[in-house]
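In what follows, a structure is listed as structure tokens, so that the remarks can point back to it.
The first residue in the sequence is number 1, and the count goes up from there.
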Amino acid sequence: MRYEGSCHCGNVAFEVEGEFTEALDCNCSLCRRRGGLLAFVPREKLVLKTPEDNVSTYTFNRHVIRHHFCANCGIAPFGEAVGPNGAAMASINLRCIPAVDIGVLTVKAYDGAAR
């Protein structure tokens, strides 16, 4: 299924293809503060619909995940990294996709603080 998502102000908008029935709730120092619910897709399933210049990026710890956010409204709709299999992947903040019913997702805790 194809979904449209964005930050709050729409400055960073995207389309993503996937079936989202579960989400990951990470407790790392960033995710705990940000409160996103994450789902992962191959990077080619994410298409940025706004100019790349609209995207700001933050990295921390080992600097391997590029956490993208909007410098205007502060919302972080997605991130990018390389998965364990070496393929490019995107982490989607499902809270940034209005058509996803967060209430029906199976939410799994992930201990990112221990990594």
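- Put simply, the side chain of N93 gets close to the backbone of A76: a donor and an acceptor are under 3.5 Å apart.
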**OP:** Show your reasoning for whether side chain to side chain contact (heavy atoms under 4.5 Å, CB included) applies to I65 and H67.
**Re:** CA-CA 6 Å; I65 302 172; H67 301 274; 3.5 Å; yes
Original post:
Hey, mind stepping through L105 and V100 against side chain to side chain contact (heavy atoms under 4.5 Å, CB included) and telling me if it holds?
Top reply: CA-CA 9 Å; L105 295 174; V100 171; 4.1 Å; yes
Subject >> Verdict with reasoning, M1 to E17, per side chain to side chain contact (heavy atoms under 4.5 Å, CB included) >> reply: CA-CA 5 Å; M1 205 168 175; E17 189 177 329; over 6 Å; no
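- Linking ILVMFWY side-chain heavy atoms closer than 4.5 Å, directly or via other members, places V16 and L37 in a single hydrophobic cluster.
- Considering all non-hydrogen atoms of both residues, E22 and A39 come closest at O-CB, 4.2 Å.
- The minimum heavy-atom distance linking T50 with A13 is given by the pair OG1-N, 3.1 Å.
- Separation of atoms CE (M89) and CD (E80) is listed at 10.0 Å; rounding is to 0.5 Å.
- Smallest separation of non-hydrogen atoms from F60 and C28: CZ-SG, 4.1 Å.
- The distance from atom CG of L24 to atom SG of C31, rounded to the nearest 0.5 Å, is 8.0 Å.
- The shortest heavy-atom contact between A81 and V64 is CB-O, 3.7 Å.
- Of all heavy-atom pairs between H8 and C73, the closest is N-SG, 3.4 Å.
- The neighbour count for R62 CZ, taken as heavy atoms of other residues, nucleotides or ligands under 6.0 Å away, does not exceed 12.
- Cluster annotation: V12 and I97 are assigned to the same hydrophobic cluster (Ile/Leu/Val/Met/Phe/Trp/Tyr, side-chain heavy-atom contacts under 4.5 Å, transitive).
- Residues F78 and L38 do not share a hydrophobic cluster, clusters being chains of Ile/Leu/Val/Met/Phe/Trp/Tyr side chains in contact below 4.5 Å.
- There is no side-chain donor-acceptor pair under 3.5 Å between N72 and N11.
- Listed here is the closest heavy atom pair of C96 and P77: SG-CA, 3.6 Å.
- Without hydrogens or angle criteria, N27 side chain to A113 main chain gives a donor-acceptor distance under 3.5 Å.
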Subject >> Residues I92, L46; criterion side chain to side chain contact (heavy atoms under 4.5 Å, CB included); working and verdict >> reply: CA-CA 9 Å; I92 310 301; L46 174 80; 3.8 Å; yes
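- Atom CD of E52 sits about 8.0 Å away from atom NE2 of H68, to the nearest 0.5 Å.
- Put simply, the side chain of R34 never gets that close to the backbone of S29: no donor and acceptor are under 3.5 Å apart.
- Between T59 and R66, the closest side-chain pair of non-hydrogen atoms falls below 4.5 Å.
- For F20 and Y3, the ring centers are positioned less than 6.0 Å apart.
- Atom OG1 of T57 is separated from atom CZ of F69 by 7.0 Å, given to the nearest 0.5 angstrom.
- In this structure, the separation between NZ on K49 and OG on S6 is 13.0 Å, given to the nearest 0.5 Å.
- Inter-residue side-chain proximity for E15 and E4 is flagged as met; some heavy-atom pair is nearer than 4.5 Å.
- Residues L94 and V107 share a single hydrophobic cluster, defined by chaining ILVMFWY side chains whose heavy atoms lie under 4.5 Å apart.
- In this structure, I75 is not a member of the same hydrophobic cluster as L48, with clusters built from ILVMFWY side-chain heavy atoms closer than 4.5 Å.
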